[in-house]
Participant: 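Sharing a structure, written as structure tokens. Questions coming.
Convention: sequence-line order gives letters A, B, ...; per-chain numbering from 1. Below, all heavy atoms of this structure are taken into account, side chains as well, without hydrogens, waters or symmetry copies. Values in this document were obtained by computation on a predicted structure and should not be read as measured data.
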Number of protein chains: 2
Amino acid sequence: MGTTHRTDQQRSADQRRRELLEAADRVVLRDGPQASMNAIAAEAGITKPILYRHFGDKGGLYRALAKRHTDALLAALRAALDAPAERRERVEATLDTYLAAIEARPQVYRFLMHPAEDAGQHAEHAFDVGRHSAPLLRRMGEELAQVIAERIELGPASEALARVWGHGIVGMMHAAGDWWLGERPCTREELVRGLADLLWGRLAEVDDRAGGPGF
Amino acid sequence: MGTTHRTDQQRSADQRRRELLEAADRVVLRDGPQASMNAIAAEAGITKPILYRHFGDKGGLYRALAKRHTDALLAALRAALDAPAERRERVEATLDTYLAAIEARPQVYRFLMHPAEDAGQHAEHAFDVGRHSAPLLRRMGEELAQVIAERIELGPASEALARVWGHGIVGMMHAAGDWWLGERPCTREELVRGLADLLWGRLAEVDDRAGGPGF
DNA sequence: CCCGGGGTGTTACTTGCGGTAACCGCAGTC
DNA sequence: GACTGCGGTTACCGCAAGTAACACCCCGGG
């Protein structure tokens, strides 16, 4: 049992961490982002200090939690982005992948992006998510920028332009998705087509309304 | 002093509120969004309960504070959007107006959009801004959607499409602006041109890089 | 002239959370 | 059997939001 024990402990270190993260996930999904450390600890069947031993502080726990979901989402997006198809099809597939993800797990999405959306009794003391939501958008923007820079010929200053576009497109996707998720004003396909049309320059082509110059 | 005083009190009710808001503004600009109610009260030369009498709770204070800046920004954007010029010029002017605003008062911008960016000793207990940043983006998106729907002929389902575009464009502007403000990778003009080019369909037109299909 | 009422302001408190120090008990070891 | 390392707990601190209860001040009315 000598070395076996050592391994057990080794294993259980990582294992424990994963269990704690899953417990935290459950609580966050149930209670929303304002889940307290106490509640998470209770869900995991332990008490606060252990959480702090594992994650340092609340931000650390959040970061670990967010990284899992973020990595999964980014992997899915990369897959859609790298699929062998026409550019427009790939753009639509990527948009659709993102929107399907946030549609499928809106609680996770809200946790990643919006701090303290729902109002518990005391809605304060929520996860300080906002500070970390930017990193997610940034990561997506940088990833997209890289793909654009790699794949498309943009002439001089292409690297800078690719980054502008990467962050811009990600922001478009994010804001439109957020609004759509809240109001559900149309189907996912319609939203995807609308956004792709926008990216495809329809804004420049469509006519003004009768009377006066257009937007 | 009879009726004069009544008026004084009346006046000073609104006046007071404005003074408190300006004090809060100063503190938020100095201490960042994690400014405490105590600190704001101290800056205003009074104590907490008065703040609560005026604004109900912290969210109320924030909302009042945000409304001022939001209204001002929206007014500026509307002006740029309504200027008599070609569509592309107006789009660029609007983007530039927004970017100039966030560039001129980044503290205000961070307060409106990002909760607790800077890290004080205890970076927690910040304004729960995230919950309210969405409304700002939503308002901008809805405003833009309205302008688009009014001015541009989008065919059937034009209202829905206008909203998609409104929120999408606002999100693009926001995310790109946020990234740009953090990294300053290029001049404002370059950013504006890059985004306008994106909206003008350059993504659909540019060639792939040599070897393999493009994005 | 005193007296009650609405407005402004204060002190002092409660509650609840993030974070930490100090202690507990049980493996396995010498 | 005493020693050590580690998972775990209780009990606590600090701090911020929010509140209750009290103090002042200026007024119109008896």
Participant: Expressed in angstrom and rounded to an integer, what is the separation of A:Ile50 atom CD1 from C:dC24 atom P?
Facilitator: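 My rounded result for the distance is 17 Å.
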Participant: What is the distance, rounded to the nearest whole Å, between atom CZ of B:Arg17 and atom C1' of C:dG7?
Facilitator: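 Taking atom C1' of C:dG7 as the reference, CZ of B:Arg17 is at 17 Å.
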Participant: Which of the following nucleotides, C:dA21, D:dG18, C:dA22, is nearest to the side chain of B:Lys58?
Facilitator: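 Of C:dA21, D:dG18, C:dA22, D:dG18 is nearest to the side chain of B:Lys58.
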Participant: A:His69 and A:Asp25: side-chain donor and acceptor closer than 3.5 Å?
Facilitator: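 Yes, A:Asp25 and A:His69 have a side-chain donor paired with an acceptor closer than 3.5 Å.
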Participant: Could you check whether A:Glu19 pairs with A:Arg16 (Lys NZ or Arg NE/NH1/NH2 to Asp/Glu carboxylate O, under 4.0 Å)?
Facilitator: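 Salt bridge present between A:Glu19 and A:Arg16.
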Participant: Expressed in angstrom and rounded to an integer, what is the separation of B:His54 atom NE2 from C:dT10 atom P?
Facilitator: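 Answer to the nearest Å: 11 Å.
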Participant: Any side-chain N or O of A:Thr47 below 4.0 angstrom from OP1/OP2 of D:dT9?
Facilitator: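 Affirmative; the distance criterion is met.
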Participant: Can you tell whether the side chains of A:Asp71 and A:Lys67 come within less than 4.0 Å, N to carboxylate O?
Facilitator: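 Salt bridge flag = yes for A:Lys67 with A:Asp71.
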Participant: Can you list the steps and then say if A:Met140 with A:Thr70 is a side chain to side chain contact (heavy atoms under 4.5 Å, CB included)?
Facilitator: CA-CA 9 Å; A:Met140 291 200 291; A:Thr70 300; over 6 Å; no
Participant: Measure the distance from CG on B:Leu51 to C1' on C:dT10 and round it to the nearest whole Å.
Facilitator: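 So the two atoms are 14 Å apart, to the nearest Å.
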Participant: Tell whether A:Lys48 reaches the base of C:dG19 with its side chain through a donor-acceptor pair below 3.5 angstrom.
Facilitator: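 Pair found.
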Participant: Are there more than 12 heavy atoms of other residues, nucleotides or ligands under 6.0 Å from atom CZ of B:Arg202?
Facilitator: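 Enclosed.
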Participant: To the nearest Å, how far apart are B:Gln34 CD and D:dA16 P?
Facilitator: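 Checked: the CD to P distance equals 10 Å.
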Participant: Quick one: B:Tyr62 OH to D:dA16 C1', roughly how many Å, whole number?
Facilitator: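 After rounding, the gap between these two atoms is 19 Å.
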Participant: Measure from the side chain of B:Ser36, starting at C-beta and using heavy atoms only, and say which of D:dG8, C:dG18, D:dA17 lies closest.
Facilitator: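 That would be D:dA17.
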Participant: Determine whether B:His54 and B:Ile50 satisfy the following criterion, side chain to side chain contact (heavy atoms under 4.5 Å, CB included), listing intermediate values before the conclusion.
Facilitator: CA-CA 6 Å; B:His54 273 273; B:Ile50 306 184; 3.9 Å; yes
Participant: Map A:Ile46 and B:Gly56 onto DNA chain D by nearest heavy atom, then report which one ends up closer to the 5' terminus.
Facilitator: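 Going by which nucleotide is closer to the 5' end, it is A:Ile46.
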Participant: Is a salt bridge present between A:Glu22 and A:Arg26, judged by a nitrogen-to-oxygen distance below 4.0 Å?
Facilitator: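 Here A:Glu22 does not pair with A:Arg26 in a salt bridge, since their nearest N and O are not under 4.0 Å apart.
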Participant: Between P on D:dA11 and CG on A:Asn38, what's the gap in Å once rounded to a whole number?
Facilitator: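 Whole-Å distance recorded here is 14 Å.
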Participant: For D:dG8, take OP1 and OP2 only and decide whether either is under 4.0 Å from a side-chain N or O of A:Arg16.
Facilitator: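 Checking D:dG8 against A:Arg16, a side-chain N or O does come within under 4.0 Å of OP1 or OP2.
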Participant: With each end axis built from five pairs of C1' atoms, what bend angle do you get for the helix from C:dC1-D:dG30 to C:dC30-D:dG1? Round to 10°.
Facilitator: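 Rounded to the nearest 10 degrees, the bend comes out at 40°.
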Participant: Do A:Arg53 and D:dG8 share a donor-acceptor pair, side chain to base, under 3.5 Å?
Facilitator: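 A donor-acceptor contact between them is present.
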Participant: When the distance from CE of B:Met37 to C1' of D:dA17 is rounded to whole Å, what number comes out?
Facilitator: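 Whole-Å distance recorded here is 8 Å.
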Participant: Out of D:dT9, D:dA17, D:dA20, which has the shortest distance to the side chain of B:Tyr52?
Facilitator: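 Closest nucleotide to the B:Tyr52 side chain: D:dA17.
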